[in-house]
Amino acid sequence: MLSAASRGSRRCVAVVASTSRRTFISKPSNRSIVSSFSDITPPFDPVSDAPNFGKVNIGLQRAGKLVIMNELLDDGEHPDMTLTMRNQFARNRVHLISLVDALISGGNFTRARKVLVEAYEVTTQEEFTRLRNDYLQEYALKELKDTGTISQALSWLVTSSLEDFKGLPFDPRAFVILLATACRMQDRLRGDNVIHEIYAEYTKQRTSATELFGYEGLLSYHDARRIVSVCMIPEAQLPRSFQLSSAPPAPDITRELDPSSDEPLSVALVKAQSEAVKNILSQIPASVQKTGFEELNPVDSIGIKLLRSSLKGIAESEKPVLPVYGKADKGESEADDGFLNFEAQLSLLPEDQQAQYREAFEIYNQQRQRLLEALALESARERWKYDYEQMLARGDMSVTNVNEYLWEWQQAMTQQVEQEFAEIDRLLDAKNEKPSGSARRRLRYGPYLKLLKPDKLCTITILELLRLHATGGLADGMRTARAVLTVGRSIQMEYNSEQLLRREVSGLGAYKPNKAALQNPQDFSRALANAKRLNEEFKVLDSWKPEWPDDIKAEVGSTMVSIFMHVAKVAVTATDPVTSKEVTSLVPAMTHSYQYSNGMKLGILKFHRDFADRISKDPANSIINPQFLPMLVQPKSWTSWASGGYHFSNAPLMRTKHSIEQQEYLKEACRRNDLQHVYEGLDVLGKASWVINSRVFRVLSKVWNSEKEFLEIPAKAPAKIEFPPEPPKDADPVARRDWARACKLLIMDARTSHSQRCDINYKLEIGRAFIGERMYFPHNIDFRGRAYAIPPHLNHLGNDMCRGLLMFWEAKSIGQRGLQWMKIHLANLCGFDKADFQSRVQFVDDRLDDIFDSADHPLDGRRFWMEAPDPWQALAVCFELADALRSPEPTEFKSRLPVHQDGTCNGLQHYAALGGDAEGAAQVNLEPGERPADIYTYVSDRVSELVAQDAANGNAIAKIFEGKVKRKVVKQSVMTNVYGVTYVGARAQILSQLKDIDGIPEEALWSGAAYLAKLVFKVVRNLFSGAHLIQDWFGECAKRISKSFPPNTTAENVKEGMTAVVWTTPLGLPVVQPYRNPTRKQVTTNLQTVYISEPSEMHPVNPRKQQAGFPPNYIHSLDATHMLLSALACGRNGLTFAAVHDSYWTHAADVDRMNAILRDAFIKLHEGDLVTKLKEEFEQRYKGYMYPFEINRTSAVAKKVMEWRRQFRKKLGRAVQLCDEVRIETKRRRLLDSSDPLKRAEGEKMITPMSIIGDDTDLESLRPPPMKVKLTPRQLSSENEELGGLTSDEVIRKTLGIEKTTDELSVSESADDGEMEFDESLSGEDADEVESVIEEMPVQEAILKQGRGLPVMVPLTFPEVPPKGDFDVKKLKNSLYFFS
Amino acid sequence: MSKIALGAGAIPSSFKSALKRGYERSSYTNYDRCVEIVKKLDLGTTFKKNEFEILEIYPCTGVWGRALSQYTNPSRHIVLERLDNYFAWNEQYNADIPWMLPIKVDAYKWKVYTSLLKYGAISPKKLPHDGINPSLLVTGNLTNKQGLQLLGQFLSCTAYRNWLQAYGCVRMLFWLRAVDAQRVMLSLHDKKMNRLSTLARLFSEIKPIACVHNTDSKGDVVPVPDLWSTRSSQPIDISSEDTYLKSDLVLLDIQPRAKESWEDEVNILELEYVIRNLFILPTAPLSTSITTLGSGAEYYFAEKLPQLMDKITAKLTNEEFVLVFKTFNKWPFKPDHLFDVGNDVDANTPSMITEFS
DNA sequence: TAGGTAATTAGGGATATAAGTACTAGTCAAGAA
DNA sequence: CCCGTGACTACAGACAATATCCCTAATTACCTG
């Protein structure tokens, strides 16, 4: 048990040093950029004309400011993290934290307090303080509501600290919470007394009141002033914002406590505001208004358009008014343009009005965004209900729409959930009843389940299951484990959002806004001002809810899923096999079943076939889960690891993989303000506004509704698969197997096309909902820093179709250069991207006719666009280009089209820059060149040559593949080669490419892939020597690190003690490789047990993955840095910027500027010697760590070490473990480093393996000599070979001494049917040829292997970095094809 | 006729090391005891001298095959084995058995048997399924993981009555690891009743012929399979000391049942599906485990077979299983297909993958 | 009412599951003799 | 302690085996002085 004092001294992370403070200036550069292609000189002068990066001090000068987990045992500094990771209560910890939170929110204060006391023992101080303050706040609020005072809360604050929490005092925030609550007391006089009392208590702890006013958002100005006057606090102790001089204007709304309402404030406010909005909108000229403000659209999946109308209707009815749905929602009319031309139409107005309307639009969108986040679930439900009622009104009970089912299920489920709630309550109340198995489980998940209202729980469950069905991989089923966890997670997220909404204003309950003040705005500007003020009231406090442990999610989820399965029924019809009559029956819509895969059971949930069929067919309206949709307003700027993006949903900054280690590093970096540039970069990405390309959408929609196959859209499959007839019962097993295989293939095909159709349906539906809307994609990052859009399904990172559907909201005049770039862009999309720019422009100019045709008759024309590798994007360009060229002044044309600039083999670009590798630089366009270099084409050409050679020499496989080796075949393997792909992996990659090529016999695929993989490796080996050196260095470092132990390793923590590879990107983002071996266990739920890992526990690292993952991850962290850096600079220079990792997008007009920026960013990034810096970081980060080094067993030193171990073993009385050596060696080093000469002497006397070796000895000299490894041919492989390359059939024939008969040939063929025996397809001669390829590989390495040595723990050092070449990355400045 | 009593030590070491690597199959090596076993089997009543063939797979040391062959005198004894060393060894060991013909093929492959039949290596008579086929005796050494797989396939054939079992009820004598034998042999009342044993029980009569009976260092009996003693046929005790790799082995005599009329009313694929799925929840009452058969199954079966709903899957009798099969066959809403299509082939769904360069 | 013992249960670890091993070879790590 | 055997096979977005038996620890029930 830890005393309060020691708790206080614990720190999570030690700051190693803080030398320099970074500053940056965010002044945008307004430099004009020279623009002409005939002008080969670069737009920027490399030296003097750099774009303004505003002194972004990218990281490398920051060495010494790393986040390093300090784990020095001897200092007695247990970082919280290691404590929580290794605490024996660790498993309890996360459970207790989320349980306390749930109990508080559920209003169960008695239990909450009890668990809080329990939690004290196992949580960190920070966690605990937050929990206790949460409790205090909610408790005080409750008391205030019930009794009008908060005396009990106050007395708890006074006494509990001593009684329950070992004297851990409350922090100032706790007092602020009470003070703010006291300010809400109706009885002002009593309120003042309480305030005084609280303050008196506070002064017992602290003298200055300054801290009290430091919590943003808790106290309003007026509250603060009141406290100041009541407690007579000196003005000097107040922050500026609370001083008298900064008094805000009197608010337009009166804040009254409305205990009866539990509606979130923002909703209440927006509803109240609707009149004002209506007024504003009514003043917009008709021409603008027509664009969709009032117009109802027949399709409204998510409720956005519902909101459009409900805003108008709310004032009268106080309830959302449903839009009137027209006829079937198919056809072209649906593509209403919404606000698409808002700006254009606005530009017709006088300027001052423009500004006003823009502001109105902004506010309008903000309101809708809030409603979207707050009410989307309800709106989906309303839609179901509406359809259901329509059905009733029709008087026809046959279900025509999925929604009608959904509403029935929703209702039935709600009832069941209410019963479940009652049961939970009964159990919670029943004190002395002994809980049985199911009761115990109920008690465990009950508090969580009850956090949401039953109807909401049900809606979430239904939506989530439908979504999983559509996207969960299996067509007619989903993994149970995934389903229950996803539902559980979704419920938690909804709870989090609700809490955020609830707390949004000072966390002090709901208010009734003064409607009168809003409904009669005197004039337009006053209305605007009102609306603006109200929006500012929505400031959401940073609040982070603990994540529920997975087992809780699973239990909550499974409860809901099983309720769903219990009540959801569909009517199905089938033919009775006996009577041959049609029978109809009500069956569960979803079944719980199992499958075996490799002998292991897999729980799956399946929707009934008939219902599943519906989902892929019916418009996906109202089954879209609205939790992470694109936003209507700019995402909230990122300000911390937990805050940014959505306003009322918690989306984390980083997608961590259940790794506390990652989270802790991130939090610490965040705390230290290291992530400002990351935030800024992400904000730029988030600020890019998008709109659905409605013309592309219309084409897509038409194609979709035809239900025919089109490009990558599979045709609508019939509900029932037509299987070939089953072979007769006594058929040969071979026939039976072949039949089964054929069936399974059919099933799989149906499955993939089904899920593709579902996926496309989903995307279309989102697109349809957002048509004509300005939308934004909030972004977050993976653990390496790569950015991703948070909204799933439809975003610009998706496939060609998604990208084709999206364009920028903002339109920019393209200018001459922009027109060129747009043409180049089209050429690129058509796959013509290897030529110089001029040729690409020419490529497009030569096809203008086709392009116009595609734009005018996309479906019934010549369909030029469809032949492009990226057809939908090509179509979008066709439209845009046609418009531009036809406009009177093409260069004035305002374009919204994003134009891409893609890195040419971005990974190798970074490698070449890291190594200063001139040759490599030229291959990947770091070096300026006349034409773009393409490394993939180069490799495929070289491979083709080799294939041709082999073919000429009679190699059968080579003959098959002669002339078939295209760029695409080798591309992936070439790229991944420097990331450490193995022969097996490359072979698989090539195989999957070969499958798509026509004219290759089935049986040659495999041997061909193997053959080509070998050739690719052979070509690449000599090509990327510089990159390989660095890659090897990365690998060696990662290997040493992942096998090393920190100095405080003990026998108990030796498992977890091994080390993950951690580094800091130049932007200051700490990257932690999460690869560990998770231990998983079974958790019993209502449906089945699920097998999940225990996230709160620390698992041993997986050195293999750490090593294999480091090279790609490091390079990716660099390209992420480059991207964010470019984003940041683009943002500061006023460009719209979007990116897909190594493909950067902007308006056509701005491509030149973007190119200049991204090149500069790359130069900036690589100016310093990153590899050396990395080495220095490692040395600093892993100072004092030890790793096992193998020394030659036969050496004298090894003998001595072994002798020492024998002695040491006697002393210990047990076997010596490596961690013992770490400990003793650490002790010795500490003594040697001591300033006390006595201690130093003591240290010198100590004998350890390292002292035997000698601290200054060159370890390399101790390596065991290389050993010859005898090549042991595997018994198994020799067993698998057919006798002398003969088939078994021939063996039998020969053994029996039967001569080949005339009908032999046909017989043997039929016997081999289905069995793939490659040996046969190759004559012996050909096989030799393959051998020859293998033999040409350097044999020495294969046979001479590092011998096994004696492992000795030595201090962790790193090999020298490979010498850097003389390529100057600044040359890049003139390289036009770097990104192109 | 030379009787070579062959202990483990008598096997040439070269052969021994070859066996150890990756072969994993054990084998009984006590020739005298093998003879005893053959005698006990009393094969002569069914298999007349020179009027039947033996098909032996994976002979391993070949001791059992030798004894069997010598004492039953088949017209031909085909041995399927892939180890190089076996052939050299066999040449000297079984030189005196002229009808023995080893073939170097992989007995795991189905098409091997097709070829054997095609070339007349074995030529069993095609007989109706009303009794043991006296023209072919299959034996083998299924004492590794692969062997268990093979056993499952042989048992499946007894259900389909196809492949080798297409010739009538072909008797099979298989050496198995004791644990595997136990799994197949479980009786109705055993809690551990499983898929394989149910299949076996439905279509064949299985008897243990020889069984390990070890004593440990203290002389106590090591309890291996406990059920043979209760069976009518008292198995012969053998010791794992006398086996290759010192493993616990059992020799099972599998005699396929004569065909019954219900077999025509069910689909074997459905039968396998039903058994497989019901045994996912072996201890649950049928009312629960039946749900794994498909959507709505619980209602349909509760209506058709109410008397079975409270029974535990693992305690269903043959007759009750047959009822379930028949009922399933007539179910209008049975699933469209009965395959467990693994989701392992999540491979390139072309348009779903996001395109990164 | 306290305490001791019997009885029950919860929970963790071990094991079996299915059934054409898809293909194959080098490397690294846990495990067993 | 050494050696044969087994798992994995570039990274990321996007994670997932389950039922049952058997034994032990822990808790409850029950009994008695």
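It should be emphasised that the depicted structure is a prediction, and the values quoted were computed from it without experimental measurement.
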TODO: Looking only at side-chain atoms of A/Thr982, point me to the closest of D/dA10, D/dT20, D/dC8.
DONE: D/dA10

Open item on the list: Strictly below 4.0 Å: does B/Arg276 bring a side-chain N or O up to OP1 or OP2 of C/dA18?
Closed with: no

Task: Beyond-backbone contact of A/Asn1113 with A/Val1071, side-chain heavy atoms, under 4.5 angstrom - done: no

- [ ] Walk me through it: do A/Phe628 and A/His793 pass the test ring-ring contact (aromatic ring centres under 6.0 Å, His included)?
- [x] CA-CA 10 Å; A/Phe628 288 114; A/His793 309 302; over 10 Å; no

Task: Length of the line joining A/Gln595:CD and C/dA19:C1', which is rounded to integer Å - done: 15 Å

Task: Side chain proximity check, A/Lys1014 to A/Tyr983, heavy atoms < 4.5 angstrom - done: yes

- [ ] Look at A/Lys657 and D/dG13 and indicate whether a side-chain polar atom (N or O) is within less than 4.0 Å of OP1 or OP2.
- [x] yes

Task: Whichever of A/Val984 and B/Gly152 has its nearest DNA chain C nucleotide further upstream toward 5' - done: B/Gly152

Task: Rounded distance in Å between the C1' positions of C/dT24 and D/dT9 - done: 11 Å

Open item on the list: Run the side chain to side chain contact (heavy atoms under 4.5 Å, CB included) test against B/Ser197 and tell me which residues pass, sequence neighbours left out.
Closed with: B/Leu186, B/Met193, B/Asn194

- [ ] Verify the distance criterion only: is there a donor paired with an acceptor across the side chains of B/Arg177 and B/Asn144 at less than 3.5 Å?
- [x] no

- [ ] Rounded off to whole Å, could you give me the CZ-to-C1' distance for the A/Arg736 and C/dA19 pair?
- [x] 15 Å

- [ ] Would you classify B/Pro282 as touching base, sugar-phosphate or nothing, given that sugar-phosphate means primed atoms plus P, OP1 and OP2, and contacts are heavy atoms under 4.0 Å?
- [x] sugar-phosphate

Task: Distance between P atoms of C/dA22 and D/dA7 (Å, rounded) - done: 12 Å

Kindly give the atom pairs (protein nitrogen or oxygen, nucleotide nitrogen or oxygen) under 3.5 Å for nucleotides 24-27 of chain D.
none

Open item on the list: Using a heavy-atom cut-off of 4.0 Å across all strands, would you classify B/Arg183 as base, sugar-phosphate, or nothing?
Closed with: sugar-phosphate

Open item on the list: In whole Å, I'd like the distance from the CG atom of A/Asn1102 to the P atom of C/dA29.
Closed with: 9 Å

Open item on the list: What's B/Tyr108 touching, base or sugar-phosphate or nothing? Going by heavy atoms closer than 4.0 Å.
Closed with: base

Open item on the list: In whole Å, I'd like the distance from the CG atom of A/Leu485 to the C1' atom of D/dC15.
Closed with: 9 Å

Open item on the list: Between C/dC28 and C/dA32, how many Å separate the two P atoms, rounded to a whole number?
Closed with: 22 Å

Task: Side-chain H-bond candidate by donor/acceptor type, A/Thr1089 with A/Gln1082, under 3.5 Å - done: yes

TODO: Looking at every strand, decide which applies to A/Gln989 at a 4.0 Å heavy-atom threshold: base, sugar-phosphate, or nothing.
DONE: base

TODO: Rounded to whole angstrom, note down the C1' distance from C/dT1 over to D/dC30.
DONE: 14 Å

- [ ] Select one nucleotide: of D/dA16, D/dT18, C/dT21, the one nearest the side-chain heavy atoms of B/Gln149.
- [x] C/dT21

Task: Residue A/Gln1082, side-chain heavy atoms: nucleotide from C/dA19, D/dT18, C/dA29 that is nearest - done: D/dT18

Open item on the list: Work out how far the C1' atom of D/dC15 is from that of C/dT17, and round it to whole angstrom.
Closed with: 23 Å

TODO: Answer with base, sugar-phosphate or nothing: what part of the nucleic acid does A/Thr976 contact at a heavy-atom distance below 4.0 Å?
DONE: base

Task: NZ/NE/NH1/NH2 to OD/OE distance under 4.0 Å, B/Asp340 and B/Arg276 - done: yes

Open item on the list: Assuming nearest nucleotide by heavy-atom distance, tell me which of A/Thr480 and A/Gln972 is located more 5' along DNA chain D.
Closed with: A/Gln972

Open item on the list: Under 4.0 Å, counting only non-hydrogen atoms across every strand here, what does A/Tyr1091 touch: a base, just sugar-phosphate, or nothing?
Closed with: base

Task: Check ion pair A/Glu547-A/Arg489 (N to O, under 4.0 angstrom) - done: no

Task: Nearest-angstrom distance, C1' atom, C/dG26 to D/dG4 - done: 16 Å

- [ ] Would you please classify the geometry between the A/Phe1110 ring and the A/Trp1063 ring as parallel, tilted or perpendicular, with 30° and 60° separating the classes?
- [x] perpendicular

Open item on the list: With a cut-off of less than 4.0 Å, is there a side-chain N or O of A/Thr1089 near OP1 or OP2 of D/dA19?
Closed with: yes

Task: Touch class at under 4.0 angstrom, heavy-atom based, for A/Lys1105 against every strand present - done: sugar-phosphate

Open item on the list: Between D/dT18 and A/Gln1088, counting only base atoms on the nucleotide and side-chain atoms on the residue, is there a donor-acceptor pair under 3.5 Å?
Closed with: no

Task: Residue-phosphate contact under 4.0 Å: A/Arg784 side-chain N/O, D/dC11 OP1/OP2 - done: no

Task: Closest nucleotide among D/dA19, D/dA17, D/dA7 to the A/Arg479 side chain - done: D/dA17

Open item on the list: Of the options D/dC11, D/dA19, C/dT21, whose atoms approach the side-chain atoms of B/Asp106 most closely?
Closed with: C/dT21

Open item on the list: D/dA10, OP1 or OP2 - any side-chain N/O from A/Tyr983 closer than 4.0 Å?
Closed with: no

Task: Contact nearer the 5' end of DNA chain D, comparing A/Lys601 with A/Asp782 - done: A/Asp782

Open item on the list: Any base atoms under 4.0 Å from A/Val1090, or only sugar-phosphate, or nothing? Heavy atoms, all strands.
Closed with: sugar-phosphate

TODO: Remember a base hit wins even if backbone is also touched, and classify B/Ile280 as base, sugar-phosphate or nothing at under 4.0 Å, heavy atoms.
DONE: sugar-phosphate

Open item on the list: The side chain of A/Trp1006 is closest to which nucleotide in this list: C/dC23, C/dT21, D/dA10?
Closed with: C/dC23

TODO: May I ask you to test the B/Tyr58-B/Gln146 pair for a side-chain heavy-atom distance under 4.5 Å?
DONE: yes

Open item on the list: Treating A/Ser558 as the side-chain partner and A/Glu555 as the backbone partner, does any N or O pair qualify as donor plus acceptor under 3.5 Å?
Closed with: yes

Task: Nearest-neighbour nucleotide for the A/Asn1113 side chain, D/dC11, C/dT17, D/dA16 considered - done: D/dC11

TODO: Looking only at side-chain atoms of A/Leu602, point me to the closest of D/dT20, D/dA17, D/dA14.
DONE: D/dA17

Task: Between A/His1141 and A/Asn906: side-chain donor-acceptor atoms closer than 3.5 Å - done: no

- [ ] Check every strand shown and say whether A/Gly603 touches a base, only sugar-phosphate, or nothing at a heavy-atom separation below 4.0 Å.
- [x] sugar-phosphate

TODO: Using only side-chain N and O atoms of A/Arg655, determine if any of them is under 4.0 Å from OP1 or OP2 of D/dA14.
DONE: yes

- [ ] With the side chain of A/Met600 defined as its heavy atoms from C-beta on, choose the nearest nucleotide among D/dA12, C/dT17, D/dA19.
- [x] C/dT17

Open item on the list: Under 4.0 Å, heavy atoms only, any strand: does A/Tyr1114 hit a base, just the sugar-phosphate, or nothing?
Closed with: nothing

Open item on the list: Need one value for A/Leu991: base, sugar-phosphate or nothing, where a base atom within 4.0 Å counts as base even if backbone is also close, heavy atoms only.
Closed with: nothing

Task: Close aromatic pair by centroid cut-off 6.0 Å: A/His1099 and A/His658 - done: no

Open item on the list: With a 4.0 Å cutoff (strictly under), does any side-chain N or O of A/Lys1043 reach OP1 or OP2 of C/dA29?
Closed with: yes

Task: Canonical and wobble pairing (Watson-Crick, G-U, under 3.5 Å) of DNA chain C, dot-bracket with | - done: .||||||||||||||||.......|||||.|..

Open item on the list: Distance check, P atoms only: D/dC11 and C/dG12, in whole angstrom units.
Closed with: 32 Å

Open item on the list: Can you check the distance between C/dA30 and D/dC8, where both ends of the measurement are the C1' atom (answer in whole Å)?
Closed with: 14 Å

Task: Closest nucleotide among D/dA17, D/dA10, C/dT24 to the A/Arg987 side chain - done: C/dT24

